[in-house]
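Single-structure report; data block below.
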Protein chains: 2
Amino acid sequence: MARRVTIKDVAKKVGVTATTVSMVINNNPSISTRTRDKVLKAIEDLNYYPNHAARSLVKRKTNTIAILAEFFYPLFYQQLLDGIEHRVIGSPYSFIHFATLASKPIREKIFREILYGRVADVLISFNRVPPQRLLTEYIKEKYPLVVIEHDVPGLNSVLCDNFIGGYKATEFLIKQGRKNIYCVSPRRIDAAGGSDVQIKRVEGFKKALEDHGMDFSEERIIETTHFYFEAGKECYNSVLKDIKGLDAVFAAAGDPVAIGIIHAAQNDKVMIPDDLAVIGYDDLEVAAFINPPLTTIMQPGKQMGIKAVEIALSYFDDDINSNVHKIVFEPELVIRESV
Amino acid sequence: MARRVTIKDVAKKVGVTATTVSMVINNNPSISTRTRDKVLKAIEDLNYYPNHAARSLVKRKTNTIAILAEFFYPLFYQQLLDGIEHRVIGSPYSFIHFATLASKPIREKIFREILYGRVADVLISFNRVPPQRLLTEYIKEKYPLVVIEHDVPGLNSVLCDNFIGGYKATEFLIKQGRKNIYCVSPRRIDAAGGSDVQIKRVEGFKKALEDHGMDFSEERIIETTHFYFEAGKECYNSVLKDIKGLDAVFAAAGDPVAIGIIHAAQNDKVMIPDDLAVIGYDDLEVAAFINPPLTTIMQPGKQMGIKAVEIALSYFDDDINSNVHKIVFEPELVIRESV
DNA sequence: GTGAAAGCGCTAACAT
DNA sequence: ATGTTAGCGCTTTCAC
């Protein structure tokens, strides 16, 4: 990296000292207007920009927000990211992404690096928390951590109630007269990372069934290995298609899986929703554009992202921010034509 | 931020000097195995992690890659990001995202910040280049810049030939016997940012028409304002539906727009592909799962992301990397059932 | 209102 | 094989 213009260059050009320039940059009021103007002009002329590392070093503050996720391409995460981006712009913060790629060692390494390496001032994590020992350290060090989609006592979290979502989806199916309802969901997510999202949705499913006097058994939960379109297709072809009397599916795994199921069912000459009702989860943009349009449970992803940033930023506004924030959004049923 | 354990703490604990610890961290071979082991153990015990800012400051290297895009949620960008993430993991680099939110001043500010503020060692930009004056500075300063999806002489770029893509799409439509083909594309992207992606695709469209002796006129290009599903729907409802004799559409604007068009057309009792053939662009994951499955032009997004990172990293392997890299992938026709 | 001096945590010569 | 010294670019007392 070539040498760049530093604060000293600016100082020399104006005929003041680095301190003065620094004060101007930091809006210190005890600088005369005359000097301030000259300094500002020199900064402009020389294309001076403060060195981020040097600043972080002395201020012990990086002005960056870390975002951690296993992967960033799940479509629901786009909505989260969208909210985050919009909220961060205009503030002096930028953000740095860490994809842990579903690897436990990588995840642990990243959680350590963030905590101890001072890469960022605060961490927003998508559905993942540090392993227990590290988590204790986070708490002990009072490192600002906000977790989206995962509820851990003592941690800031931004949630959308998955139990209610599962309940609403199932109840709607029941009220539409469906009698033989199955739920598609990953059964057990990577225990180490710990996700209770799916579990809660399934609990809502179960409760709704019971509340309406309908039979529930574990077999009603069909397992998928992942969350993408392909999983829905595989799921239909390998198990759903052979269930006799099946008339409804709640894709707790999300809209892409629901869409995959619909796709496979239609290929199988099954009419949606007449023969089979399908309800998704998330209300992704695409949900409204398939045929038939997908009935689903909406989570306010963008709002959730915004809220996460706001909690994060609140740590810098007042230093004495010690309360734990827990924001819970309510999922909404979006009725279209697949049920 | 609380004080953390520093290199000195480690040194003191072991009874050596900071230099020694530093050498261990940096794998300097001239350290005795005995000392190395003791230092490593102390690092472990104390949970020491090098301060990123301090390191960047002295090494003049941040070990971070900046990624810039207007927004990160276009679905094709997910594929790019996926490739980037996978390629970066395992290297000592992390990456920082800058969303410019379609704002010219924000974009310029970010381009300046990256160049002068030393936030990152290299910039991978999605389809955007700095304004002319700044671009000159980038080149003058030899700041490593790789641009995806935008071909600018003298800059590293990773491309997928949009002219060929447009040509292939159109030619396929023609060979399937379509006679009255329209192209849907944003006509003029933000001139300041400068995107020629769409323009090239449209040129391919035009050339294919001409090569096959078919009439081309500007009216055959239908303008959209954005790239999402909704745009396709609007486009169909406001103009496509009234075009008499229309039998094919090339959605140069991308798969989501194609899907939006199909959705709206189906609502209008138009049969796809019998009455209307629709071909998309990108081959997003969802393309295979709509009904009918979408015929489209595939761009190897993940590969493109990987390649971009590799070019970026090459700047660190050899310092004397002065040649400009220009990688051009070839788009492929993916035949499904919408044509 | 501005400057001098010290130091943030680390690394890179240069010694020894 | 390890320690001494200086310095990366900036901010922050504390003087004046």
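Computed from a prediction, not measured in an experiment: that's the story for all the values here. Just so it is clear, the values below take in all heavy atoms, side chains as well, and ignore hydrogens, waters and symmetry mates. Each chain gets a letter, A, B and so on, in the order its sequence line appears, and its residues count up from 1.
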Among C:dG3, D:dC10, C:dT11, the one nearest A:Asn51 by side-chain distance: D:dC10
Test log, rule side-chain hydrogen bond (donor to acceptor under 3.5 Å, both in side chains), inputs A:Arg112 and B:Asn47: CA-CA 9 Å; A:Arg112 297 194 73 230; B:Asn47 267 326; 2.7 Å; yes
Bending between helix ends of the helix from C:dG1-D:dC16 to C:dT16-D:dA1 [5 pairs per end, 10° resolution]: 30°
side-chain hydrogen bond (donor to acceptor under 3.5 Å, both in side chains) assessment of B:Lys307 paired with B:Asn156: CA-CA 11 Å; B:Lys307 207 66 208 178; B:Asn156 298 300; over 6 Å; no
From CA spacing to verdict: side-chain hydrogen bond (donor to acceptor under 3.5 Å, both in side chains), A:Ser32, A:Thr35: CA-CA 5 Å; A:Ser32 73; A:Thr35 322; 2.5 Å; yes
Pairing of A:Lys109 and A:Glu113 as salt bridge, 4.0 angstrom limit: yes
Donor-acceptor side-chain pairing of A:Asp82 and A:Tyr77 below 3.5 angstrom: no
B:Tyr48 side chain near C:dC10 phosphate (N/O to OP1/OP2, under 4.0 Å): yes
Under-4.0 Å side-chain N/O to phosphate OP1/OP2 contact, B:Arg55 with C:dG9: no
Distance in angstrom units between B:His52 NE2 and D:dC8 C1', rounded: 15 Å
Sugar-phosphate only, base, or nothing, as touched by B:Ser32 at under 4.0 Å among non-hydrogen atoms: sugar-phosphate
Position toward the 5' end of DNA chain C (nearest nucleotide), A:Ile31 or B:Ser22: A:Ile31
Side-chain donor/acceptor of A:Thr6 to backbone N/O of A:Lys8, under 3.5 Å: yes
Contact under 4.0 Å: B:Thr35 side-chain N or O vs D:dT2 OP1/OP2: yes
Sugar-phosphate, base or nothing in reach of A:Ser30, heavy atoms under 4.0 Å: base
A:Lys13 vs A:Asp9, salt bridge (charged side-chain N to carboxylate O under 4.0 Å, His left out): CA-CA, chis, key distance, verdict: CA-CA 6 Å; A:Lys13 169 149 185 173; A:Asp9 298 321; over 6 Å; no
Rounded distance in Å - NZ (B:Lys61) to P (C:dG9): 23 Å
Derivation and outcome, salt bridge (charged side-chain N to carboxylate O under 4.0 Å, His left out), residues B:Asp151 and B:Lys326: CA-CA 8 Å; B:Asp151 189 6; B:Lys326 193 140 307 213; 2.8 Å; yes
Any donor-acceptor N/O pair, B:Thr100 side chain to B:Ser103 backbone, under 3.5 Å: no
B:Lys12 NZ to D:dT2 P, straight-line distance once rounded to whole Å: 20 Å
Whole-Å distance separating the OH atom of B:Tyr49 from the P atom of C:dG9: 18 Å
Atom-to-atom span, CG of A:Asn28 to P of D:dC10 - whole angstrom: 17 Å
For nucleotides 14-16 of chain C, list the nitrogen or oxygen atoms of the protein found under 3.5 Å from its nitrogen or oxygen atoms, one pair per line.
none

A:His52 side-chain N/O to A:Thr62 backbone N/O, donor-acceptor pair under 3.5 Å: yes
Nearest-Å distance for atom pair CZ/P, residues B:Arg34 and D:dA1: 14 Å
Distance, rounded to the nearest Å, where B:Arg36 contributes CZ and D:dA1 contributes P: 11 Å
Sugar-phosphate only, base, or nothing, as touched by A:Ser56 at under 4.0 Å among non-hydrogen atoms: nothing
Strictly under 3.5 Å: I want the nitrogen or oxygen pairs between protein and nucleotides 4-8 of chain C, one per line.
unit_1 : atom_1 : unit_2  : atom_2 : d
C:dA4  : N6     : A:Thr19 : OG1    : 3.0
C:dC8  : O3'    : A:Arg60 : NH2    : 3.3

A:Arg34 backbone acceptor or donor facing A:Asp37 side chain under 3.5 Å: no
Nearest-Å distance for atom pair CD1/P, residues B:Ile7 and D:dT2: 15 Å
Aromatic plane relationship, A:Phe95 with B:His97 - under 30° parallel, 30 to 60° tilted, over 60° perpendicular: parallel
